[in-house]
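Below is one structure, written out as structure tokens, with a few remarks after it.
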Amino acid sequence: HGVDASLEYYQQIGQVQLTMRGNFTYAHNTIVDNDEPAWREPYMNRVGQSNWQKFGLVAAGLFASQEEIDGWPTQSWGVVQPGDIKYLDLNGDGKVDEYDVKPLGYPDIPEITYGFGASVKWKGFDFSVFFQGVGNVNFFANNTYTQPFSATNISMANVFTDLVGNYWTPENLNAKYPRLTTSVNENNKQVSSFWMVDGSYIRLKNAEIGYTLPERWCRKIGIQKVRVFVNGTNLLCFDKLKIVDPEADGGTGNYPQQRTINGGFQINF
């Protein structure tokens, strides 16, 4: 179920021509039957969730000491050390394993998409702008760019500069990222709320300003119309990520949207 709407408004105010437009789409789906037995834990059932709903562990921060690890339920992905991610034991069986995953956040396909913009014409000048955005979307930032020294090839061995000074050390207990290690850390690789990020954004997708020369000027040189313009795409982006383009195919590690700025002439003979 959902809603899809678009609106356009035009108004002439003296010599000013104003056009405003917008669109909005909200789409949500729910699995009512998927022909599978009920999971051992009710919170693991896919029925009642979205088709693209992600499941994962619930993170409770980073282990600060070995004493904290010893007093915590056993985690099932190798030896845990201070600076590793700790997870909640949802079913209370004394261990954290594949039965402690639950729905996390929104799907990685936006439930909300929208756009809005306007164009104005006054005498020979024209200006247009258009914003687009998405909402109700989450994805996970756990990969080799946030967990360095674990890449299997050189093309995946980049590291986000956001890690610099923000990873766990005994002097930085409230770090944004877990401890660094030169070996693969299966515990920290688990899909969890620790790595979930908000993928919503508003982007200034297009903007253009132009000026059309008066007809009497053009007739003197035997030209019908001349328009000078400057435009751009992907000029600004407002989001909560800051370290990566939210549209980069899931948000991490892929090539971002390119910002382009153009200028030119339109000449009609």
Side-chain angles (χ1 to χ4, degrees), residues 1-4 23-34 36 39 41-60 77 85 87-88 90 96 98-116 131-148 150-152 155-156 158-160 162-163 176-178 184-205 234 236-258:
H1 66 270
V3 61
D4 182 36
N23 60 76
F24 178 87
T25 299
Y26 168 74
H28 179 79
N29 70 83
T30 302
I31 298 173
V32 296
D33 183 21
N34 62 353
E36 69 177 15
W39 289 75
E41 308 297 343
Y43 51 76
M44 297 180 66
N45 289 328
R46 272 53 178 174
V47 173
Q49 302 297 331
S50 169
N51 187 47
W52 299 287
Q53 178 65 56
K54 301 300 182 182
F55 284 70
L57 300 164
V58 179
W77 301 279
I85 304 172
Y87 306 110
L88 296 182
L90 297 184
V96 181
E98 67 272 19
Y99 295 105
D100 292 299
V101 299
K102 61 167 294 201
L104 298 176
Y106 293 104
D108 55 5
I109 296 178
E111 289 188 334
I112 295 175
T113 60
Y114 59 91
F116 57 92
F131 292 84
Q132 58 116 169
V134 302
N136 286 13
V137 57
N138 290 108
F139 52 82
F140 297 91
N142 55 329
N143 55 28
T144 58
Y145 306 105
T146 52
Q147 300 174 63
S150 60
T152 56
S155 65
M156 299 173 62
N158 292 295
V159 177
F160 285 149
D162 194 52
L163 267 73
K176 182 178 180 180
Y177 297 99
V184 176
N185 190 321
E186 292 297 333
N187 181 82
N188 293 349
K189 284 178 59 179
Q190 299 303 308
V191 176
S192 75
S193 59
F194 186 90
W195 298 110
M196 176 168 278
V197 294
D198 186 346
S200 59
Y201 67 87
I202 301 176
R203 186 185 297 277
L204 176 52
K205 193 65 179 179
N234 301 318
L236 294 171
C237 186
F238 306 94
D239 61 78
K240 298 179 180 179
L241 296 178
K242 308 306 178 186
I243 62 171
V244 70
D245 190 323
E247 280 192 284
D249 189 21
T252 55
N254 295 289
Y255 205 75
Q257 297 286 316
Q258 287 184 299

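Being a predicted model, the structure only gives us computed values, none of them experimental. For the numbers below, each heavy atom of this structure counts, side chains included, while hydrogens, waters and symmetry mates do not.
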Taking atom CD as the centre, does Gln258 end up with more than 12 heavy-atom neighbours from other residues, nucleotides or ligands that are less than 6.0 angstrom away? no
Rounding to 0.5 Å, atoms CD (Gln190) and CG (Asp100) come to a distance of 11.5 Å
Which pair of heavy atoms, one from Asn51 and one from Asn29, lies closest together, and at what distance? N-OD1, 2.7 Å
Closest heavy-atom contact between Pro178 and Asn188? CB-ND2, 3.5 Å
Would you please name every residue forming a side-chain contact (heavy atoms from CB on, under 4.5 Å) with Gln132, sequence neighbours left out? Phe130, Tyr201, Arg203, Lys205, Glu247
Do the side chains of Ile85 and Asn187 get nearer than 4.5 Å, heavy atoms only? yes
Between Trp39 (side chain only) and Arg46 (backbone N and O only), is there a donor and an acceptor less than 3.5 Å apart? no
Between Asp245 and Gln257 (side chain of the first, backbone of the second, donor and acceptor by atom type, cut-off under 3.5 Å), is there such a pair? yes
Of the non-hydrogen atoms in Asn142 and Lys189, which two are nearest, and what is the gap between them? ND2-O, 3.1 Å
Spatial distance of atom CG (Asp239) from atom CG (Asp198) [nearest 0.5 Å]: 9.0 Å
Just verifying a value: how many Å separate Gln53 CD and Lys102 NZ, rounded to the nearest 0.5 Å? 9.5 Å
Could you check whether Tyr177 and Asp162, counting side-chain N and O atoms only, form a donor-acceptor pair closer than 3.5 Å? yes
Of the non-hydrogen atoms in Gly135 and Ser200, which two are nearest, and what is the gap between them? CA-CB, 3.9 Å
Closest non-hydrogen contact found for Asn45 with Phe55 is O-CZ, 3.8 Å
Could you grab the distance from atom CG of Leu163 to atom OG1 of Thr146, nearest 0.5 Å is fine? 7.0 Å
Check whether any side-chain heavy atom of Tyr43 sits under 4.5 Å from a side-chain heavy atom of Val101, and report yes or no. no
If every non-hydrogen atom of Val137 is compared with every non-hydrogen atom of Pro110, which pair is closest and at what distance? CB-CA, 3.8 Å
Atom CZ in Phe24, atom OG1 in Thr113: separation rounded to 0.5 Å? 8.0 Å
With side chain to side chain contact (heavy atoms under 4.5 Å, CB included) as the test, would you mind laying out the steps for Tyr114 and Ile202 before giving the verdict? CA-CA 9 Å; Tyr114 59 91; Ile202 301 176; 2.8 Å; yes
Please verify the inter-ring angle class for Trp77 with Tyr87; under 30° counts as parallel, over 60° as perpendicular, anything in between as tilted. perpendicular
About how many Å separate CZ of Phe140 and CZ of Phe194, when rounded to the nearest 0.5 Å? 13.0 Å
Would a distance-only check, ignoring hydrogens and angles, find a side-chain to backbone donor-acceptor pair under 3.5 Å from Asp4 to Thr25? no
